[in-house]
Amino acid sequence: MENKRINGNDLLALGYKENRALGIALKINSKRHGLKRDEMLQKFKEVLADPESFSEDAIFEPLAKALLFPEEKDTNIIPLKESTDAYAVYGEEHIEEGARKQMDVAMRLPVSVAGALMPDAHQGYGLPIGGVLATENAIIPYAVGVDIGCRMALSIFDMEDVALLEKHDWLKKIILQNTRFGAGNGFLKHERLDHEVLENPLFQEIPFISNLKDKAWTQLGSSGGGNHFVEFGSINFEQEDQELGIPAGKYLALLTHSGSRGLGATIAGHYTKLAKELCKLPYQAQHLAYLGMDTEAGQEYWNAMNLAGDYASACHEVIHEKVLKDLGVDRMAKIENHHNFAWKEQYKGKELMVHRKGATPAAEGVLGIIPGSMASDGFLVRGKGVESSINSASHGAGRQMSRTQAIKNLKKQDMLQMLNDQGVTLIGSNMDEAPMAYKDIHTVMAAQEDLVDIVANFSPKIVRMADDGSRED
DNA sequence: ATGTCC
């Protein structure tokens with residue numbers, strides 16, 4: 001506890017207010033400056049009590065100035081709208097207040113036209129996870145998110161699901177051999193595969209992206225960490241789906257969830273920083289800095305975001321092709337959909353930029369995959385195209401416990417029991433991804449029955465996630 | 001989410 005990072009609450013406890021000075025204090029704190037936690041807290045206390053004596057301090061001068069001249073307005077700051085139109089909230093009774101407040105702020109951006117909150121919404125950075133925001137002629141890097149183009153991909157094989165029992169060990173081995181997990185991890189040089197996404201001209205045109213090409217190659221087909229997974233499971237079609245050409249039955253399927261790895265994360269960081277320099281917003285909205293679509297920076301982000309999306313797609317493709325080859329059976333269908341992205345879409349007759357941060361596109365007839373947890377069903381769905389949701393649905397069950405809460409409160413024995421009850425083999429993972437840390441997927445699906453039709457149920461049976469042991473520092 | 005902020 002001694003080394004716990006100083007956060008906003010610590011500063012509020014010292015008497016700081018939710019304003020510009022708080023933001024500056026946190027920024028100073030993040031650089032540490034060789035001060036221990038207690039020393040830093042003491043300094044913050046002293047600056048607050050007597051900002052004047054710090055007005056020429058090498059470290060605390062900006063904080064002292066913000067405290068001395070709180071009302072001094074940067075004339076470049078773009079004001080928020082006083083009021084906005086209402087926005088639709090699905091499953092409101094299960095959504096924390098923090099997510100609502102973030103969405104309220106996002107709606108007040110001068111470029112915002114419409115918004116919606118999905119039933120798995122929870123507090124994020126900038127726009128909440130599960131937030132949908134439609135803007136005019138502007139794109140917001142942090143409304144896309146850090147893991148640009150993160151997605152779900154589902155392959156349905158021409159093999160009965162009984163294989164999950166009868167060929168369990170073989171399937172487990174196929175996952176182990178063809179997937180790589182963990183932050184920073186990828187494939188060894190001799191294991192790397194080529195892919196046309198690496199030929200994208202942005203790898204030549206933009207220097208910082210060019211520097212990422214080798215890592216992108218190494219990480220192609222890897223899954224990363226957090227809530228990402230690769231799993232075999234049983235998909236159950238209660239009735240034939242004519243569009244997919246799949247008869248009623250239970251089949252072996254592969255479901256993957258991952259994103260654009262280091263490439264996307266670095267692109268997100270680069271353009272968020274640029275947006276914050278070019279677009280100064282009031283304190284509570286600063287993470288929602290936007291880039292005009294008619295500006296060079298906006299166009300560059302749009303292109304880089306699309307590259308990250310294509311790369312994320314290529315990562316899934318590599319995994320699915322390897323598994324398909326090892327299985328040696330036919331694939332009946334492959335479905336893929338992404339979240340953490342921005343799309344140019346028509347809304348009420350106008351072209352808008354629709355940001356879906358942890359939300360699934362659900363225009364009429366569009367297929368999507370909404371996973372539950374490692375021990376509960378996920379769903380193959382077909383969108384209904386509801387305008388008030390901005391053609392969207394949730395991207396999963398959503399957390400009901402933060403990672404820290406889950407690690408602190410949940411018992412491993414309970415998780416193992418749950419996995420055992422459901423007949424799930426788990427490779428890797430950690431308590432922060434325990435099924436109990438997530439909302440009940442059935443409640444979430446009920447809250448969005450107006451938004452999507454369920455096509456089939458997917459039950460995970462052999463699940464691989466990142467092993468948390470790889471990052472102990 | 002990501003191998004730890006220019």
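The analysis underlying the following values was restricted to heavy atoms, covering all of them including side chains, and did not include hydrogens, waters or symmetry mates.
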Nearest to the side chain of A/Ala265, heavy atoms from C-beta on, is which of B/dT2, B/dC6, B/dG3?
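Closest nucleotide among those given: B/dT2.
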For the pair made of [atom1] in [X] and [atom2] in [N], what is the distance, rounded to whole Å?
X: A/Tyr142; N: B/dT2; atom1: OH; atom2: C1'; result: 10 Å
X: A/Ile28; N: B/dC6; atom1: CD1; atom2: P; result: 18 Å
X: A/Lys276; N: B/dC6; atom1: NZ; atom2: P; result: 13 Å
X: A/Lys273; N: B/dT2; atom1: NZ; atom2: C1'; result: 17 Å
X: A/Asn211; N: B/dC6; atom1: CG; atom2: P; result: 13 Å
X: A/Arg403; N: B/dT2; atom1: CZ; atom2: C1'; result: 12 Å
X: A/Asp432; N: B/dT2; atom1: CG; atom2: P; result: 13 Å
X: A/His270; N: B/dT2; atom1: NE2; atom2: P; result: 20 Å

Donor-acceptor side-chain pairing of A/His195 and A/Glu317 below 3.5 angstrom:
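The criterion, which ignores hydrogens and geometry beyond distance, is satisfied for A/Glu317 and A/His195.
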Salt-bridge contact A/Asp57-A/Lys43 (side-chain N to carboxylate O under 4.0 Å)
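Salt bridge absent between A/Asp57 and A/Lys43.
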Which is true for A/Lys27 with a 4.0 Å heavy-atom rule: it touches a base, it touches only sugar-phosphate, or it touches nothing?
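The answer is nothing, as A/Lys27 stays clear of every strand by at least 4.0 Å.
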At under 4.0 Å between heavy atoms, what does A/Gly259 touch on the DNA or RNA strands: base, sugar-phosphate, or nothing?
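Since no nucleic acid heavy atom lies under 4.0 Å of A/Gly259, the category is nothing.
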Look at A/Gln219 and B/dG3 and indicate whether a side-chain polar atom (N or O) is within less than 4.0 Å of OP1 or OP2.
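Yes, A/Gln219 has a side-chain N/O under 4.0 Å of OP1/OP2 on B/dG3.
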B/dT2 phosphate, OP1 or OP2, under 4.0 Å from A/Lys215 side-chain N/O:
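No, no such contact exists.
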Minimum heavy-atom separation for A/Thr272 and A/Pro141, please, with both atom names.
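A/Thr272 and A/Pro141 have their closest heavy atoms at OG1-CB, 3.5 Å.
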So which atom in A/Pro361 and which in A/Val366 form the shortest heavy-atom distance, rounded to 0.1 Å?
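That would be O-CG1, 4.2 Å.
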Test item: A/Arg100 side-chain N/O and A/Gly98 main-chain N/O as donor-acceptor pair under 3.5 Å
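Side chain of A/Arg100 to backbone of A/Gly98: no pair is present.
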Starting at the 5' end of DNA chain B, which residue's closest nucleotide do you reach first, A/Asn29 or A/Asp147?
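Looking at DNA chain B, the more 5' nearest nucleotide goes with A/Asp147.
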